[in-house]
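Here is how names work: the chains are called A, B, and so on, in the same order as the sequence lines, proteins then strands, and each is numbered from 1. All of these numbers come straight from a predicted model, not from anything done at the bench.
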2 protein chains.
Amino acid sequence: MTPSIRVALVEDNTRLREQLAQFIAAAPGFACVGACADAATALATLPAAAPEVVLMDIRLPGMSGVECVARLKARLPEVKVVMLTAYDDSETIFQALENGASGYLLKRTPPADLLRSIQEVQNGGAPMNSHIARLVVQSFHRRGSSPRSCENLTTREEEVLRLVAQGFINKEIAESLGISLETVRQHLKNCYAKLHVRTRTEAAMKVFR
Amino acid sequence: MTPSIRVALVEDNTRLREQLAQFIAAAPGFACVGACADAATALATLPAAAPEVVLMDIRLPGMSGVECVARLKARLPEVKVVMLTAYDDSETIFQALENGASGYLLKRTPPADLLRSIQEVQNGGAPMNSHIARLVVQSFHRRGSSPRSCENLTTREEEVLRLVAQGFINKEIAESLGISLETVRQHLKNCYAKLHVRTRTEAAMKVFR
DNA sequence: CGATTTCTCCCCCGAACGGGGTATGGCCAG
DNA sequence: CTGGCCATACCCCGTTCGGGGGAGAAATCG
């Protein structure tokens with residue numbers, strides 16, 4: 001048979017932590033190699049315990065779960081972290097993901113689903129509940145479409161600004177587009193006016209953040 | 001009972017399209033209100049059909065599925081689009097999501113799972129297979145942490161660059177930080193050298209995209 | 001302690017930029 | 001057909017940038 005998945009917990013609620021630890025330890029194919037009550041303990045003990053998957057509460061006493069993920073990933077780059085949260089805390093979702101979390105589940109997730117999610121993340125997936133998945137996907141919608149900011153920009157203006165955002169100077173942009181330097185400058189002037197900015201950097205950040 | 005979910009298909013393979021259309025039409029709680037073979041037909045007929053969810057093949061003759069999503073969302077902002085793809089085409093995933101797609105599934109998804117995914121997207125979820133979910137989550141890992149790029153920057157250098165990214169000119173940054181204009185320039189020179197860029201815009205985009 | 005890093009300031013100079021004009025040709029809607 | 005929008009192009013002029021130097025004070029690290 002395949003070896004058990006090594007799982008660790010970081011959860012300050014003693015009752016829930018022990019409940020989960022027992023459940024995971026008892027499940028075939030899973031091993032519980034750690035159950036910490038706070039971030040400091042996790043950072044001190046988990047590197048030695050070498051878990052493959054960590055379930056981490058997002059609200060912890062002292063250091064937050066988000067901060068803990070970042071530090072833990074620094075020492076165990078291969079570890080997969082699934083955040084657990086009581087409410088779907090939109091604010092911190094993205095911070096956690098940026099810091100290296102691979103999944104995001106609600107605490108009320110049924111234990112059986114939790115085990116499935118652990119397997120999923122171990123197999124390279126990214127388990128998350130549907131509401132959170134939607135938020136993640138929505139964050140893409142805003143990015144590419146450039147909502148209000150560039151709505152007024154013409155095709156050409158946006159094209160020029162895209163090259164500006166890539167760090168090209170006007171002369172290079174002119175050559176790249178096969179137009180005059182002066183024309184590039186003219187398009188940029190129009191961009192500045194429409195976006196209410198005064199510099200190329202501000203324009204680029206506004207449209208292509 | 002709740003009304004059926006209005007579903008439309010855009011899929012060039014006739015066999016698969018009709019198979020899916022029949023399956024959806026036959027399923028309780030689902031109605032198939034359109035089945036188009038290409039993007040042009042979809043754009044022409046779907047606004048009138050008013051589907052709530054569209055299953056869209058990513059590879060279509062003529063206009064690509066990605067392009068089609070963008071245009072369709074422009075006319076039907078409320079429609080939820082789930083992309084279907086034969087292989088997990090990493091290249092186009094992000095383009096599709098940026099253009100407004102809400103989900104991303106493989107064609108080999110079992111029909112029963114497909115129905116569940118349609119319900120999920122209708123309820124505000126974002127169905128996607130686990131491999132794609134991982135890619136999406138990974139795209140966040142790179143973003144926030146600013147991996148190699150700004151690791152070498154000193155506190156002050158990053159501070160200056162942050163103001164650059166907000167569109168301030170050196171003179172304003174100097175006043176804001178209470179230091180000399182020359183010092184600001186010096187910090188920026190160091191940034192450029194460390195980031196291997198030549199302009200403030202390129203540096204800003206590299207560190208604060 | 002000495003070496004290194006960081007932050008601070010200064011000069012010169014050529015290139016790049018931003019704002020102000022003006023103008024021509026194409027295209028589309030009223 | 002006329003006015004508006006778009007893309008193209010040019011001029012002047014003052015400001016800003018970026019690269020090249022040099023240099024001192026403080027902090028940090030071996």
Side-chain angles (χ1 to χ4, degrees), chain A residues 71 74 145-209, chain B residues 40 43-44 47 67 70-71 74-75 146-209:
Chain A
R71 301 208 188 185
S145 52
S146 316
R148 293 134 211 133
S149 339
C150 87
E151 212 147 310
N152 313 314
L153 295 185
T154 69
T155 312
R156 202 53 154 173
E157 284 159 1
E158 195 183 329
E159 208 172 348
V160 170
L161 199 51
R162 188 184 312 279
L163 293 170
V164 165
Q166 286 164 30
F168 295 108
I169 64 175
N170 293 351
K171 193 196 294 183
E172 294 165 341
I173 295 171
E175 284 167 12
S176 161
L177 295 179
I179 58 178
S180 157
L181 170 67
E182 293 302 324
T183 305
V184 173
R185 282 161 44 71
Q186 188 57 50
H187 285 312
L188 281 180
K189 285 181 206 178
N190 293 335
C191 290
Y192 300 151
K194 289 179 180 177
L195 298 170
H196 308 293
V197 300
R198 293 141 42 236
T199 70
R200 54 182 40 230
T201 306
E202 202 175 351
M205 292 296 294
K206 193 160 190 172
V207 175
F208 306 100
R209 68 211 140 311
Chain B
L43 291 176
E67 176 77 13
R71 301 208 188 184
R75 300 196 202 170
S146 312
R148 292 119 213 149
S149 340
C150 87
E151 211 146 312
N152 313 313
L153 294 185
T154 68
T155 312
R156 202 54 156 174
E157 283 159 2
E158 195 182 329
E159 207 171 349
V160 170
L161 198 51
R162 187 183 314 280
L163 293 169
V164 166
Q166 285 165 32
F168 295 108
I169 65 174
N170 294 351
K171 194 196 293 182
E172 294 165 342
I173 295 171
E175 283 167 13
S176 162
L177 296 179
I179 58 179
S180 158
L181 170 68
E182 292 302 322
T183 304
V184 173
R185 283 160 45 71
Q186 188 57 49
H187 285 312
L188 280 180
K189 286 183 206 178
N190 293 334
C191 289
Y192 301 151
K194 288 178 180 177
L195 298 170
H196 308 293
V197 298
R198 293 142 40 237
T199 70
R200 54 182 39 230
T201 307
E202 202 175 350
M205 292 296 293
K206 194 161 188 171
V207 174
F208 305 100
R209 88 294 268 151

For B/A203 and B/L195, the nearest pair of non-hydrogen atoms, with its separation, is CB-CD1, 3.8 Å
B/T199 and A/G167 have their tightest heavy-atom pair at OG1-O, 3.6 Å
Per-nt protein contacts along nucleotides 25-30 of chain C (heavy atom under 4.0 Å; B base, S backbone sugar-phosphate only, - none) come out as ------
In short, the helix from C/dC1-D/dG30 to C/dC28-D/dG3 is bent end to end, axes from five pairs each side, to 10°, by 60°
**Message:** So, OP1 or OP2 of D/dG18: does either fall under 4.0 Å of a side-chain N or O from B/Y192?
**Reply:** yes
Do A/C191 and A/L153 touch side chain to side chain, with heavy atoms closer than 4.5 Å? yes
Per-nt protein contacts along nucleotides 4-10 of chain D (heavy atom under 4.0 Å; B base, S backbone sugar-phosphate only, - none) come out as --SSBBB
Sequence neighbours excluded, the answer for side-chain contact (heavy atoms from CB on, under 4.5 Å) partners of A/A165 is A/A204, A/F208, B/M205
| Close side-chain approach of B/I179 to B/R156, heavy-atom, < 4.5 Å | yes
Here the distance between atom C1' of C/dC17 and atom CD1 of A/I173, to the nearest Å, is 12 Å
Sequence neighbours excluded, the answer for salt bridge (charged side-chain N to carboxylate O under 4.0 Å, His left out) partners of B/E175 is none
Within the structure provided, determine whether B/L163 and B/L177 are in side-chain contact (heavy-atom separation under 4.5 Å). yes
Considering just the side-chain nitrogens and oxygens of A/N170, establish if one lies under 4.0 Å of OP1 or OP2 belonging to C/dC17. yes
Those residues at least two apart in sequence (or on a different chain) that pass salt bridge (charged side-chain N to carboxylate O under 4.0 Å, His left out) with B/E202 are none
From the list B/K194, B/R162, B/K189, side chain to side chain donor-acceptor pair (under 3.5 Å) partner of B/E157 resolves to B/K194
Q.
Check this one for me: any side-chain N or O of A/R185 less than 4.0 Å away from OP1 or OP2 of C/dC17?
A. no
Review point. Do A/R198 side-chain and C/dG19 base share a donor-acceptor contact under 3.5 Å?
Key: no
Q. At under 4.0 Å, does any side-chain N or O of A/K171 touch on OP1 or OP2 of C/dA15?
A. no
Self-check item: B/R185/B/L181 under side chain to side chain contact (heavy atoms under 4.5 Å, CB included): CA gap, chis, key distance, verdict
Solution: CA-CA 6 Å; B/R185 283 160 45 71; B/L181 170 68; 4.1 Å; yes
What do the steps show when you test A/R200 against A/N170 for side chain to side chain contact (heavy atoms under 4.5 Å, CB included), and what is the final call?
CA-CA 10 Å; A/R200 54 182 40 230; A/N170 293 351; 2.2 Å; yes
Rounded to whole Å, the CG-P distance (B/L161 to C/dC7) equals 13 Å
Here the distance between atom C1' of D/dC17 and atom CZ of B/F168, to the nearest Å, is 18 Å
